[in-house]
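Below: one structure, written as structure tokens.
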2 protein chains.
Amino acid sequence: MKYKAATIKDIAQALGLSTSTVSRALRDSHEISAATRQLVLDHAAQLNYHPNPIALSLKEKKSRSIGVIVSEIANSFFSQTINGIESVANEKGYTVIISQSHESFEKEVSTLQYLASRSIDGLLISVSSATKDLAPLKALHQYGFPIVFFDRIVEEIATHQVRVDNFQGAYNATTHLLQQGYQRIGCITNSAHLSITRERVAGYVAALDKAGIRLPASLIKYCFHGGMLQEEVADAVQELLQEKKRPDAIFATSDKLTTGCIRALKKAKLAIPEDMGLTGFSNSDLIELLYAPITVVRQPAFEMGQVATELLLQLIESKRPVKDFETKVLQTSLITPP
Amino acid sequence: MKYKAATIKDIAQALGLSTSTVSRALRDSHEISAATRQLVLDHAAQLNYHPNPIALSLKEKKSRSIGVIVSEIANSFFSQTINGIESVANEKGYTVIISQSHESFEKEVSTLQYLASRSIDGLLISVSSATKDLAPLKALHQYGFPIVFFDRIVEEIATHQVRVDNFQGAYNATTHLLQQGYQRIGCITNSAHLSITRERVAGYVAALDKAGIRLPASLIKYCFHGGMLQEEVADAVQELLQEKKRPDAIFATSDKLTTGCIRALKKAKLAIPEDMGLTGFSNSDLIELLYAPITVVRQPAFEMGQVATELLLQLIESKRPVKDFETKVLQTSLITPP
DNA sequence: TTTATTTACGCAATCGTTCCCGGAAAAATC
DNA sequence: GATTTTTCCGGGAACGATTGCGTAAATAAA
């Protein structure tokens with residue numbers, strides 16, 4: 001019943017040849033006579049022969065698959081990134097195995113070990129917001145395992161990195177709010193140990209500085225779960241609203257946080273942009289259809305996936321250990337509603 | 001430099017045993033003396049030994065991985081389904097390999113062949129809107145390859161199926177529009193050869209029938225690319241607007257189509273629900289934040305993924321060919337804005 | 001003490017493929 | 001016609017793990 005795929009041995013037997021000859025006819029060719037080669041090729045086509053990738057993997061000690069770990073594929077930014085990753089990987093004949101950490105460190109570690117044990121050839125990762133212990137990643141990296149970080153970078157590990165100019169993106173968004181006339185801008189951001197948090201908060205602070213505005217640190221609210229938990233964002237917004245001197249605008253540093261703020265503000269019956277200004281990072285294509293069409297910072301997610309994958313494959317296919325690591329920085333764009 | 005994983009041979013050599021003894025010590029145990037077994041176990045732990053899954057796959061002729069083909073992971077419904085799939089698959093020790101057809105038949109076929117050649121143990125698929133030639137799927141199925149359809153079913157192929165009660169969902173949505181007072185309800189739907197299209201359109205027609213309303217077939221607009229192309233939906237909406245007797249409401253049968261309608265209506269400067277009523281299938285969690293908070297039909301996507309995966313694993317792990325196929329039908333829910 | 005049984009382990013085949021090595025036949029050279 | 005070179009192909013090991021079969025030693029039964 002169960003389908004048995006044709007093997008090289010089947011072809012050899014049918015044609016009265018040896019497996020080595022068949023194998024060579026299918027690849028080398030020049031060591032094999034044209035007649036035999038054609039014979040093999042024809043019969044292979046007839047049997048719908050496909051080399052068994054598992055046998056190949058065992059022999060070549062590579063699986064031609066790469067792992068991707070993101071927090072959530074339901075996140076527009078990540079799903080767009082994955083499209084970019086797949087476009088490059090598939091073209092080069094690699095399978096992409098996608099895993100989600102759901103912003104949990106434990107899930108990330110278990111997924112990491114699982115992927116490693118599944119013998120993937122390399123890893124693309126945007127670390128979870130809960131990741132502070134880098135030991136598991138470092139262990140893998142020290143074995144010479146190819147890793148490329150994208151979006152949420154880990155600086156302590158020396159390898160290729162792809163990210164956007166988070167500082168500039170945040171700076172532009174904050175400046176935009178200032179230009180709209182907002183003065184007291186709060187910030188709702190991700191877990192404090194994420195690279196994107198540091199960089200985006202820095203951009204936000206720099207923009208305020210430039211405008212000569214100095215605000216208390218309490219106007220920056222960190223969401224440890226990065227907006228995974230709806231109430232976490234709602235609480236952060238509530239806290240901002242309860243500040244002695246209440247902010248007149250909010251800058252949110254990620255997709256989930258931006259939409260979370262809108263949700264919270266709607267619940268609090270605060271009109272955007274009248275009662276509260278809002279801008280933030282987001283790659284959702286529904287932004288323009290929201291009841292409050294806000295300005296957002298958009299990342300070139302697809303391109304980011306492409307670039308990261310190219311770097312990873314480069315790392316994987318390099319003959320000798322790569323010592324020279326690149327950090328690609330892409331530009332964000334500020335999208336304002338029509 | 002490159003990390004070389006410990007093998008059973010390494011352990012055998014270090015301990016002066018044969019590979020068979022080591023292998024058995026790691027599994028059987030009762031054929032091996034307790035002393036030797038402990039020795040092997042200790043040394044394996046010390047070397048951080050993990051059985052090579054590729055070697056195992058080659059031997060066992062199964063890879064403990066399943067393939068999933070959906071049109072778009074960026075689609076809320078599918079990303080939620082995938083979460084359900086992963087939750088079950090990972091728990092049972094299976095890897096999930098996700099692929100996207102992007103609603104293209106060619107991409108679906110190539111992805112299908114690619115997955116099959118990557119020796120996955122089974123397939124979960126929601127066919128693309130462009131799929132009318134079923135030959136590739138049938139070929140795979142005839143070989144006894146385990147396939148489970150979810151959401152977008154192929155009736156011609158006898159296997160497990162998981163879907164929602166599309167008829168009822170569409171019936172409820174249409175009835176809701178009728179109750180709001182709309183009389184002339186147009187329908188924007190997916191490619192005509194999709195199961196969900198047939199079922200949802202049937203539900204829509206039945207609801208109109210029940211209300212004693214008979215509308216021309218021209219009020220049903222089919223989008224061959226299922227909303228992948230923005231302009232396709234925009235065109236469909238335009239056509240509806242140019243009908244001699246213009247409809248006063250629209251029922252959209254999928255996620256992309258629903259948001260596509262909103263986009264198109266906004267562009268046409270038609271207010272929802274005043275100028276045009278709208279309801280449709282959608283699993284996006286941003287619906288309630290849209291400028292026009294519409295009523296939507298929601299599918300239990302996560303559960304659907306879970307159920308489909310359980311059926312697939314059951315199929316994969318069954319000793320003898322399964323002849324008795326199940327069709328699981330889940331219920332939709334009508335979500336109205338507060 | 002002899003025979004039968006168990007215990008504990010090794011040998012070798014197997015999965016599908018590649019590739020090094022060796023060798024016969026054909027072709028080219030002297 | 002004899003030698004060298006080329007062409008073309010087969011044998012067999014290897015990748016990492018499992019497993020049926022064989023067998024020596026240890027133990028139990030006679």
Side-chain angles (χ1 to χ4, degrees), chain A residues 2-44 47-65 93 116-121 143, chain B residues 2-41 43-45 47-65 93 116-121 143:
Chain A
K2 186 65 184 275
Y3 168 60
K4 174 124 171 0
T7 72
I8 237 176
K9 209 180 284 181
D10 297 331
I11 304 179
Q13 221 148 31
L15 265 44
L17 293 170
S18 77
T19 58
S20 6
T21 305
V22 175
S23 172
R24 260 182 287 252
L26 261 30
R27 345 224 137 273
D28 303 325
S29 80
H30 83 100
E31 266 209 73
I32 303 294
S33 73
T36 310
R37 197 167 77 91
Q38 199 52 51
L39 209 66
V40 171
L41 254 41
D42 286 351
H43 202 256
L47 257 56
N48 192 28
Y49 168 80
H50 287 284
N52 182 327
I54 297 198
L56 280 175
S57 295
L58 181 58
K59 190 123 233 300
E60 309 293 334
K61 295 184 162 223
K62 43 185 64 166
S63 59
R64 289 194 79 81
S65 67
S117 90
R118 291 295 298 197
S119 48
I120 52 169
D121 294 343
Y143 283 144
Chain B
K2 186 64 184 273
Y3 168 60
K4 173 125 173 358
T7 74
I8 232 174
K9 207 181 285 181
D10 298 332
I11 304 180
Q13 223 149 30
L15 265 45
L17 293 169
S18 77
T19 58
S20 14
T21 305
V22 175
S23 171
R24 263 183 282 251
L26 260 31
R27 341 227 140 272
D28 302 326
S29 80
H30 83 100
E31 267 210 73
I32 302 295
S33 73
T36 311
R37 196 169 76 90
Q38 199 51 53
L39 210 67
V40 170
L41 255 41
H43 202 255
L47 258 56
N48 191 29
Y49 169 80
H50 288 283
N52 182 329
I54 296 197
L56 280 174
S57 295
L58 182 57
K59 187 121 231 297
E60 309 293 334
K61 295 183 162 229
K62 41 185 64 162
S63 59
R64 287 193 82 79
S65 67
S117 88
R118 289 295 297 197
S119 48
I120 52 169
D121 295 342
Y143 284 144

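Letters A, B, ... are given to chains in the order of the sequence lines, protein chains preceding strands, and every chain is numbered from 1.
Between B/Pro51 and B/Arg24, the residue anchored nearer the 5' end of DNA chain D, judged by the nucleotide with its closest heavy atom, is B/Pro51. Summary of the strand contacts: B/Ala34 and A/Thr7 both lie near DNA chain C, and taking for each the nucleotide with the nearest heavy atom, the more 5' one is attributed to B/Ala34. Mapping B/Glu31 and B/Arg27 onto DNA chain D by nearest heavy atom places B/Arg27 at the nucleotide closer to the 5' end.
Using a 4.0 Å heavy-atom criterion, one finds that B/Ser20 contacts the bases of the nucleic acid, with or without backbone contacts as well. Among the atoms of the strands shown, only primed sugar atoms or phosphate atoms (P, OP1, OP2) are found under 4.0 Å from some heavy atom of B/Ile32. Looking at heavy-atom distances under 4.0 Å, B/Ser23 makes contact with a base. Residue B/Ser57 is classed as having no contact, given no heavy-atom separation below 4.0 Å to the nucleic acid. Using a 4.0 Å heavy-atom distance criterion, B/Leu17 is classed as a sugar-phosphate-only contact.
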Practice problem: In sequence, state the C-alpha distance, the side-chain angles, and the governing distance for B/Val40 and B/Ile11, and then conclude on side-chain contact (heavy atoms from CB on, under 4.5 Å). | Solution: CA-CA 7 Å; B/Val40 170; B/Ile11 304 180; 4.3 Å; yes

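For A/Thr21, no side-chain nitrogen or oxygen approaches OP1 or OP2 of D/dC9 to under 4.0 Å.
The separation between B/Leu56 atom CG and D/dT19 atom C1' is 13 Å, rounded to whole Å. Rounded to whole Å, the distance from CG on A/Asn52 to P on C/dT18 is 10 Å.
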